[in-house]
Amino acid sequence: MVCIENLLSADAPAPRDASTARLHELVLDWFAATARDLPWRRDDCSAWGILVSEVMLQQTPVVRVQPVWEEWMQRWPTPAALAAEPSGEAVRAWGRLGYPRRALRLHAAASAITTGHGGRVPSSVDELLALPGIGTYTAAAVAAFAYGRREAVVDTNIRRVHARLVSGRALPAPALSAAELRLAAGMLPEAAADSVRWNAGVMELGALICTARSPKCGQCPVAAECAWLAAGEPAPDYNPKGQAWHGTDRQVRGAVMAVLRDAEHPVRRELFFEAPVDLGFEPGSVSAHLAALHALNAEHSQLERALAGLLEDGLAEAVPEGLRLPR
DNA sequence: TAGCCGTGGAA
DNA sequence: TTTCCAAGGCT
């Protein structure tokens, strides 16, 4: 088992011991044998494709991302191609991936890359961090997966694997800690190429085997080294608090966005507040989304907040005819 | 830093 | 049916 004290006290050189090397071997072998064939993992995938995939994958499962990613790559194969279109087109093409502000930020990142980096996705973590919508995880992931850099990638999967395998806990703490970042850095193989595969492999292990709810320990390549299993699978030491959804502003925002995404013309503002009599549209999904919005029976003030919030966030634009997606 | 920001599938 | 969770980021 890996000695956690060694890893946590790593100011200086990353701790290297036989058990860490053993973990590297086991995970890298397992990953080589079982990795999913995802399009953004292929050798011919551009840095831009990897960046887009990483943003889409923020809080959204692979199975829902893949088809949208394929459409984006077909339509916008380069940052410049996306930057040349209105941001509203990015929001529309985002579809129902959720958190549509990510689409807005990706469009803004494409513009920044086009004007500030000659159209090429930057390769350093600092430059990536300066782009909108790119935080510590995504910057490290792009540097590692697109440019082969040796970076500690720390996502929810890797945090969970480390919590169990090394720290003996059922789940990582609610918030990412500096100790976890040091731990991840200390676990990284020395060779850059190995470190990239290690990051991807541990992430894959968390996604497929060491899952949040019912981990498949019987299929785990490092079960024999797992501190959590050795400790008798202790329960989590905190209760995760779920996000409210029904009756919240977020639900109303989502319903409004569904209307705007499918609208080819500005949507009259009154239609968001009054049950539609004459929609002014051909029968279709816009009216269906409006009906769904009104079925929420949201308070008038809540609807006002949602519209104001979407305008403020830049996800919607007020025009004389009503509301539409931004230019 | 805790709270907010969408959506849909699995348990 | 309800709850939980998914390759986070931003303020």
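Below, chains carry the letters A, B, ... as their sequence lines are ordered, and counting in each starts from 1.
Rounded to an integer number of Å, the gap from CZ of Arg102(A) to P of dG6(B) is 10 Å. The CZ-C1' distance, from Arg101(A) to dG3(B), rounds to 12 Å in whole Å. To the nearest angstrom, C1' of dG6(B) lies 13 Å from CD of Gln58(A). Regarding His246(A), its NE2 atom lies at a distance of 16 Å from the P atom of dC5(B), rounded to whole Å. When rounded to the nearest whole Å, the span between CD of Glu312(A) and P of dC5(B) equals 11 Å. Atom CZ in Arg92(A) sits roughly 17 Å away from atom P in dG6(B) (whole-Å rounding). One interatomic measurement links the two molecules: CG of Asp249(A) to C1' of dG6(B), which rounds to 13 Å at whole-angstrom precision. Taking atom CG of residue Leu176(A) and atom C1' of nucleotide dA2(B), one finds them 15 Å apart after rounding to whole Å.
Residues passing the ring-ring contact (aromatic ring centres under 6.0 Å, His included) test with Trp76(A), sequence neighbours excluded: Trp72(A). Applying the salt bridge (charged side-chain N to carboxylate O under 4.0 Å, His left out) rule to Arg64(A) yields no partners; only residues at least two apart in sequence or on another chain are considered. A search for side chain to side chain donor-acceptor pair (under 3.5 Å) contacts involving Glu151(A) returns nothing, not counting sequence neighbours. Applying the ring-ring contact (aromatic ring centres under 6.0 Å, His included) criterion to His300(A), with sequence neighbours excluded, gives Phe273(A). With sequence neighbours excluded, the residues satisfying salt bridge (charged side-chain N to carboxylate O under 4.0 Å, His left out) with Arg169(A) are Asp237(A). A search for salt bridge (charged side-chain N to carboxylate O under 4.0 Å, His left out) contacts involving Arg75(A) returns Glu85(A), Glu89(A), not counting sequence neighbours.
Counting only residues at least two apart or on different chains, the side-chain hydrogen bond (donor to acceptor under 3.5 Å, both in side chains) pairs with a member in residues 313-327 of chain A are Arg101(A)-Asp313(A), Arg253(A)-Asp313(A), Glu317(A)-Arg324(A). Contacts classified as ring-ring contact (aromatic ring centres under 6.0 Å, His included) and involving residues 168-196 of chain A (residues at least two apart or in different chains) are not found. Residue pairs that meet the salt bridge (Lys or Arg N to Asp or Glu O under 4.0 Å) test with at least one member in residues 25-38 of chain A, sequence neighbours left out, are Arg22(A)-Glu25(A), Arg36(A)-Glu204(A), Asp37(A)-Arg42(A).
The CG atom of Leu97(A) sits 11.5 Å away from the CD atom of Gln58(A) when rounded to the nearest 0.5 Å. Between the CZ atom in Arg164(A) and the SG atom in Cys210(A) there is a gap of 4.0 Å [rounded to 0.5 Å].
For the pair Arg250(A) and dC4(B), the criterion of a side-chain N or O lying under 4.0 Å from OP1 or OP2 is not met. Within the 4.0 Å cut-off from OP1 or OP2 of dG6(B), not a single side-chain nitrogen or oxygen of Arg261(A) is found.
For dG6(B), the base has a donor-acceptor partner in the side chain of Thr60(A) [N/O atoms by modelled type, under 3.5 angstrom].
Residue-level contact check: Thr211(A) touches neither bases nor backbone, having no heavy atom under 4.0 Å from any strand. If you check every strand for non-hydrogen atoms under 4.0 Å, Ala141(A) touches nothing. Using a 4.0 Å heavy-atom criterion, one finds that Gln243(A) contacts the bases of the nucleic acid, with or without backbone contacts as well. Base contact: Gly98(A) has a heavy atom under 4.0 Å from a base atom. In this structure, Leu97(A) reaches the bases: a heavy-atom distance under 4.0 Å links it to at least one base atom across the strands shown. Within 4.0 Å (heavy atoms only), Pro61(A) reaches at least one base atom of the nucleic acid.
Between the side chain of Arg159(A) and the main chain of Ala175(A), a donor-acceptor pair closer than 3.5 Å is present. Listed for the Arg150(A) side chain is a donor-acceptor partner under 3.5 Å among the backbone atoms of Leu188(A).
Rounded to a whole angstrom, the distance from the C1' atom of dA6(C) to that of dG6(B) is 12 Å. For the C1' atoms, the distance linking dA7(C) with dA2(B) amounts to 23 Å, nearest Å.
Taking the nucleotide of DNA chain C with the nearest heavy atom to each of Gly206(A) and Leu131(A), the more 5' of the two is matched to Gly206(A). Each of Leu129(A) and Met203(A) was assigned the nucleotide of DNA chain C with the nearest heavy atom; the assignment lying further toward the 5' end belongs to Met203(A). In this structure, Gly254(A) and Ala175(A) both approach DNA chain B, and ranking their closest nucleotides by distance from the 5' end singles out Ala175(A).
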Name the pairs: protein N/O against N/O of nucleotides 9-11 of chain B, kept only if under 3.5 Å.
none

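Using a 4.0 Å cut-off on heavy atoms, the residues of residues 33-55 of chain A that approach DNA chain C are Arg36(A), Leu38(A), Trp40(A), Arg41(A), Glu54(A), listed by number.
If you walk DNA chain C from 5' to 3' and mark each nucleotide with an atom closer than 4.0 Å to a heavy atom of chain A, the marks span dC4(C) to dC10(C).
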